[in-house]
Amino acid sequence: MAAAGSDRGAVTAAPLPASFYDRDTELVARELLGAVLECITEDGAVASGRIVETEAYLGSHDAACHAVVGRTERTWHLHGPAGIAYVYLIYGAHWCFNAVTGPEGQGSAVLVRAIEPLAGLHLMRERRPSARRDRDLGNGPGKLCAALGVDGRLDGVPLQRPPLLVRAGDAVPDERVVVTPRIGITRAADLPLRYFVEDSEFVSKTPKGFARISYRRPSAAR
DNA sequence: CATTTGATGTTCT
DNA sequence: GAACATCAAATGC
């Protein structure tokens, strides 16, 4: 059960602290590119991937964010402290994973939209039998959850220890970060809040007609 | 390769 | 009853 020949190697960096997420949500979304998301299921099986695509959801003032409905049963953990998971079901069929950001009660989060599989490839292929190629294992928010074994049981759990871990990975330079509007939403659909690694083959498809802009680091002025 | 279409069932109105 | 942070299969080049 150990030999997974095509795994790209284990990442053992320390998990990102909760303080990493307790910052501006757009910045967290950009900084999460390159980090490694790891899920350990009850049977001890490990699956992980490098985050290559994210979206920022900016709390109750963002019409596209689930926090607009307030603190309901579904959105309870979205309003929780920075550094926990918000996992919800969409279209009655697919789980989506978010990292909660910002101060408690704000309802901001970063949706992870795509991963590059790193460890546990064999598991992921089992969990996603419809994926013809490895690039299809995690190139979508529902796909990556299925591949990693993320589901509603992980809603609200911290991201610093099993069963969920987010670790620092190889940094992605600004020059390779592209920004577009968010995918699949109707409200606030023009805001540029989707971030991805430009040359990664593991990113989900950008819809036709979407404006692509180069990432510009916010000025450090204060 | 690109684009279209149907399935899915929970959540909120 | 409508909307939905999606996916996979089918169809057209």
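Each chain gets a letter, A, B and so on, in the order its sequence line appears, and its residues count up from 1.
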- To the nearest 0.5 Å, how far apart are OG1 in A/T54 and CZ in A/R113? 10.0 Å
- Decide yes or no on side chain to side chain donor-acceptor pair (under 3.5 Å) for A/R194 and A/T180, but give the supporting numbers first. CA-CA 5 Å; A/R194 168 176 176 248; A/T180 78; 3.1 Å; yes
- Item | More than 12 heavy atoms of other groups within 6.0 Å of A/D170 CG | no
- Between A/R74 and A/L89, what is the shortest heavy-atom contact and its length? NH2-O, 3.4 Å
- Message: When you compare the side chains of A/S200 and A/R50, does any donor N or O come within less than 3.5 Å of an acceptor on the partner?
- Response: no
- Query: With the threshold set at 4.0 Å, does a side-chain nitrogen-carboxylate oxygen contact exist between A/D174 and A/R30?
  - Reply: yes
- Task: Starting at CD1 of A/I51, measure out to CZ of A/F196 and round the result to the nearest 0.5 Å.
- Result: 16.0 Å
- When every non-hydrogen atom of A/L193 is compared with those of A/R182, the smallest separation belongs to CD1-CZ, 3.6 Å
Which pairs would a plain distance check flag for residues 32-39 of chain A, meaning a side-chain donor or acceptor within less than 3.5 Å of a matching protein atom at least two apart in sequence or in another chain?
residue, atom, partner, partner atom, Å
A/E38, OE1, A/R167, NE, 3.1
A/E38, OE1, A/R167, NH2, 3.3

- Task: Please list residues of residues 84-96 of chain A whose heavy atoms come under 4.0 Å from any atom in DNA chain C, ordered by number; otherwise none.
- Result: A/Y88, A/I90, A/Y91, A/H94
- Task: Enumerate the residues from residues 48-81 of chain A whose closest heavy atom to DNA chain C is under 4.0 Å, giving them by residue number; use none for an empty result.
- Result: A/Y57, A/A64, A/H66
- Note on the structure: Closest to the 5' end of DNA chain C, once A/D136 and A/T186 are matched to their nearest nucleotides, is A/T186
- Task: Whenever both distances are under 3.5 Å in a Watson-Crick or G-U wobble pair, mark it; put DNA chain C into dot-bracket that way, with [ ] for crossing pairs and | when the partner is on another strand.
- Result: ||||.|||||||.
- Query: Where along residues 97-111 of chain A does a heavy atom come under 4.0 Å from DNA chain B, residue by residue in number order?
  - Reply: none
- Tracing side-chain links under 4.5 Å among I, L, V, M, F, W and Y, which residues wind up in one group with A/I185? A/Y57, A/L111
- Note on the structure: Smallest heavy-atom separation, A/A18 atom then A/A82 atom, equals CB-O, 3.9 Å
- Query: Just the endpoints, please: which first and last nucleotides of DNA chain C, 5' to 3', lie under 4.0 Å from a heavy atom of chain A?
  - Reply: C/dC4 to C/dA8
- Query: Heavy-atom contacts under 4.0 Å between residues 140-151 of chain A and DNA chain C, which residues?
  - Reply: A/G140, A/P141, A/G142, A/K143
- Message: Please tell me whether A/V46 and A/L123 are part of a single hydrophobic cluster in this structure, the criterion being side-chain heavy atoms less than 4.5 Å apart.
- Response: no
Any N/O pairs under 3.5 Å between the protein and nucleotides 3-5 of chain B? List them or say none.
none

- Sugar-phosphate only, base, or nothing, as touched by A/R128 at under 4.0 Å among non-hydrogen atoms: sugar-phosphate
- Cation-pi check, A/R23 to A/Y21: give yes when NZ or CZ is under 6.0 Å from the six-membered ring centre and within 45° of the ring axis, no otherwise. no
- To the nearest 0.5 Å, what is the distance between OG (A/S108) and CG (A/D24)? 9.0 Å
- Item | ring-ring contact (aromatic ring centres under 6.0 Å, His included) partners for A/Y88, two or more places apart | A/H66, A/Y86
- Message: For A/R216, I'd like to know if atom CZ has over 12 heavy atoms of other residues, nucleotides or ligands within 6.0 Å.
- Response: no
- Here the distance between atom P of B/dT10 and atom CG of A/D155, to the nearest Å, is 16 Å
- Message: Connecting only ILVMFWY residues whose side-chain heavy atoms lie within less than 4.5 Å of each other, what is the rest of A/V68's hydrophobic cluster?
- Response: A/V69
- Is it true that the side chains of A/S204 and A/E53 contain a donor and an acceptor less than 3.5 Å apart? yes
- State yes or no: do A/F20 and A/L78 share one hydrophobic cluster built from I, L, V, M, F, W and Y residues joined by side-chain heavy-atom distances below 4.5 Å, directly or via other members? no
Please table the atom pairs, donor to acceptor, closer than 3.5 Å between any side-chain atom in residues 134-157 of chain A and protein atoms at least two apart or in another chain.
residue, atom, partner, partner atom, Å
A/D134, OD1, A/R125, NE, 3.0
A/D134, OD2, A/R125, NH2, 3.0
A/D136, OD1, A/R133, NH2, 3.1
A/D136, OD1, A/N139, ND2, 3.3
A/D136, OD2, A/R133, NE, 3.0
A/D136, OD2, A/R133, NH2, 3.3
A/N139, OD1, A/K143, NZ, 3.0
A/N139, ND2, A/R135, O, 3.2
A/D151, OD1, A/R153, N, 2.9
A/D151, OD1, A/R153, NE, 3.2
A/D151, OD2, A/R153, NE, 3.2
A/D151, OD2, A/R153, NH2, 2.8
A/D155, OD1, A/V87, N, 3.0

